[in-house]
Amino acid sequence: MKYIYTILPFFFISTLSCSEKEAEEADDTAAVEEEESTEEQAITNLGHNGPYGDESDLWEPELSWECYGCGGKDLADAHRINSVDVGFPAGICYNTTDKTTTITDQVDCADTWVQFPGGSEDEGNTGAEEGSGRDVCFVRQSDDSFTATEGACYDVDSSWNSSTFEASILQDCVDYCISASSCKAFDDVIDATVALADIDYSMSTEGFGCWIFSD
């Protein structure tokens, strides 16, 4: 009888203990979290380079604004300007003569206007279409009540000075305006489907808050 010997190969499998595996997974998780944290960290900038960041000159060198992962040149990349949240549907009006900017709607800008990311330049100013917004100016009366008028407050009195006010509801803007003797009005973007007579001051403001107009 012949015997045939077959040599079977041995496979050596390297294994990790549970504690080593957990440590390795923890290191991987920490690395991912660190990477995400770096990506999400806001960058603070001073000044910008005009419309689309294309100007060679530095505009408004003392203007502080924050963005995520931007090049620090295009102000339209900002999510906060002077500690105030900004964004669509508002935009930036660039005064190319004085090299200054204001945050406003396109209809209130007589110079170069660039919208914050989030929609096209035609959105947010579409008149009475359902779900669209339109400017409403709340004019302060002598008895400290407010009359809602269609259009921006610049259309009511172009000599007024404007400033932003961070607010979550319209009532915040009312209270602030009453507390400031120089305040003449405030405006905000209101849903076009809401009639002027039906505007409730408990409604949320659009974006960062409202615009305050003073003499």
Side-chain angles (χ1 to χ4, degrees), residues 60 63-65 75-76 78-95 97-98 100-116 118-119 121-215:
E60 302 176 300
L63 181 69
S64 175
W65 56 285
L75 189 60
H79 76 279
R80 288 174 71 83
I81 299 176
N82 283 338
S83 301
V84 176
D85 290 334
V86 294
F88 176 81
I92 305 168
C93 184
Y94 292 87
N95 184 325
T97 303
D98 298 334
T100 57
T101 57
T102 53
I103 309 304
T104 185
D105 295 321
Q106 187 174 16
V107 293
D108 298 325
C109 181
D111 210 320
T112 303
W113 186 81
V114 178
Q115 190 170 48
F116 288 109
E121 293 188 0
D122 294 329
E123 293 179 16
N125 296 294
T126 53
E129 293 181 7
E130 185 176 357
S132 66
R134 89 286 200 192
D135 281 322
V136 174
C137 180
F138 299 86
V139 182
R140 183 178 181 180
Q141 305 301 311
S142 57
D143 62 352
D144 285 340
S145 62
F146 289 83
T147 302
T149 359
E150 292 279 358
C153 288
Y154 276 128
D155 299 330
V156 178
D157 193 329
S158 59
S159 68
W160 285 340
N161 299 312
S162 64
S163 60
T164 57
F165 177 68
E166 192 169 359
S168 56
I169 59 173
L170 294 177
Q171 186 63 49
D172 295 335
C173 306
V174 170
D175 295 341
Y176 176 81
C177 197
I178 290 175
S179 69
S181 59
S182 61
C183 179
K184 298 299 180 183
F186 70 90
D187 73 12
D188 196 21
V189 177
I190 305 296
D191 194 309
T193 61
V194 180
L196 294 179
D198 296 333
I199 294 175
D200 187 337
Y201 291 125
S202 64
M203 292 171 56
S204 298
T205 56
E206 181 72 24
F208 64 86
C210 56
W211 284 88
I212 301 293
F213 291 81
S214 308
D215 57 10

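What's counted below: heavy atoms across the whole structure, side chains too, no hydrogens, waters or symmetry copies.
Side-chain contact check for Ser179 and Asp175: no donor-acceptor pair (N or O, by modelled atom type) lies under 3.5 Å.
Checked against salt bridge (Lys or Arg N to Asp or Glu O under 4.0 Å), Asp215 has the following partners two or more places apart in sequence or in another chain: Lys184. Residues passing the salt bridge (Lys or Arg N to Asp or Glu O under 4.0 Å) test with Asp155, sequence neighbours excluded: none. Residues that satisfy the salt bridge (Lys or Arg N to Asp or Glu O under 4.0 Å) test with Glu150, not counting sequence neighbours, are Arg134.
Between the side chain of Asp198 and the main chain of Val194, no donor-acceptor pair closer than 3.5 Å is present. Side chain of Gln141 to backbone of Val139: a donor-acceptor contact under 3.5 angstrom is found. Under a 3.5 Å cut-off, the side chain of Asn82 and the backbone N or O of Val84 do not form any donor-acceptor pair. In this structure, Asp187 contributes its side chain and Cys153 its backbone to a donor-acceptor pair below 3.5 Å. Of the possible polar contacts, none joining the Asp188 side chain to the Cys210 backbone as a donor-acceptor pair under 3.5 Å is found. Side-chain N or O atoms of Thr100 include none that pairs as donor or acceptor with a backbone N or O of Asn95 at under 3.5 Å. Asp200 places a side-chain N or O within donor-acceptor distance of the main-chain N or O of Ser202, the cut-off being under 3.5 Å.
Here the side chains of Val86 and Thr164 are not in contact, with every heavy-atom distance at 4.5 Å or above.
Closest non-hydrogen pair, Thr205 versus Ala167, comes out as OG1-O, 2.8 Å. The shortest heavy-atom contact between Ala90 and Gln115 is O-CG, 3.5 Å. For Ile178 against Phe146, the heavy-atom pair with the smallest separation is CG1-CE1, 3.9 Å. A pairwise comparison of heavy atoms in Ala152 and Cys137 identifies C-CB, 4.0 Å as the closest pair. Contact record, Trp113 with Asp105: NE1-C, 3.5 Å, taken as the closest heavy-atom pair. Between Cys183 and Ile212, the shortest heavy-atom contact is SG-CG2, 3.8 Å.
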request  = Using the side chain to side chain contact (heavy atoms under 4.5 Å, CB included) rule, take Phe116 and Ile92 through it: C-alpha gap first, then chi angles, then the decisive distance, then the call.
outcome  = CA-CA 7 Å; Phe116 288 109; Ile92 305 168; 3.6 Å; yes
message = Evaluate Thr101 against Ile81 for side chain to side chain contact (heavy atoms under 4.5 Å, CB included), listing each step before the verdict.
response = CA-CA 11 Å; Thr101 57; Ile81 299 176; over 6 Å; no
request  = Check the pair Ser162, Tyr154 against side chain to side chain contact (heavy atoms under 4.5 Å, CB included), reporting the backbone distance first and the verdict last.
outcome  = CA-CA 9 Å; Ser162 64; Tyr154 276 128; 2.8 Å; yes
task = Run the numbers on Asp135 and Val189 for side chain to side chain contact (heavy atoms under 4.5 Å, CB included), then give the verdict.
result = CA-CA 5 Å; Asp135 281 322; Val189 177; 3.7 Å; yes
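Here CG of Leu170 is found 5.0 Å from CZ of Phe138. Values are rounded to the nearest 0.5 Å. From Asp172, atom CG reaches atom OG of Ser204 across 10.0 Å, with rounding to the nearest 0.5 Å. Note that CZ of Arg140 and OG of Ser182 are 8.5 Å apart. Values are rounded to the nearest 0.5 Å.
Between Phe213 and Trp160, the ring planes are tilted. Angles from 30° to 60° get that label.
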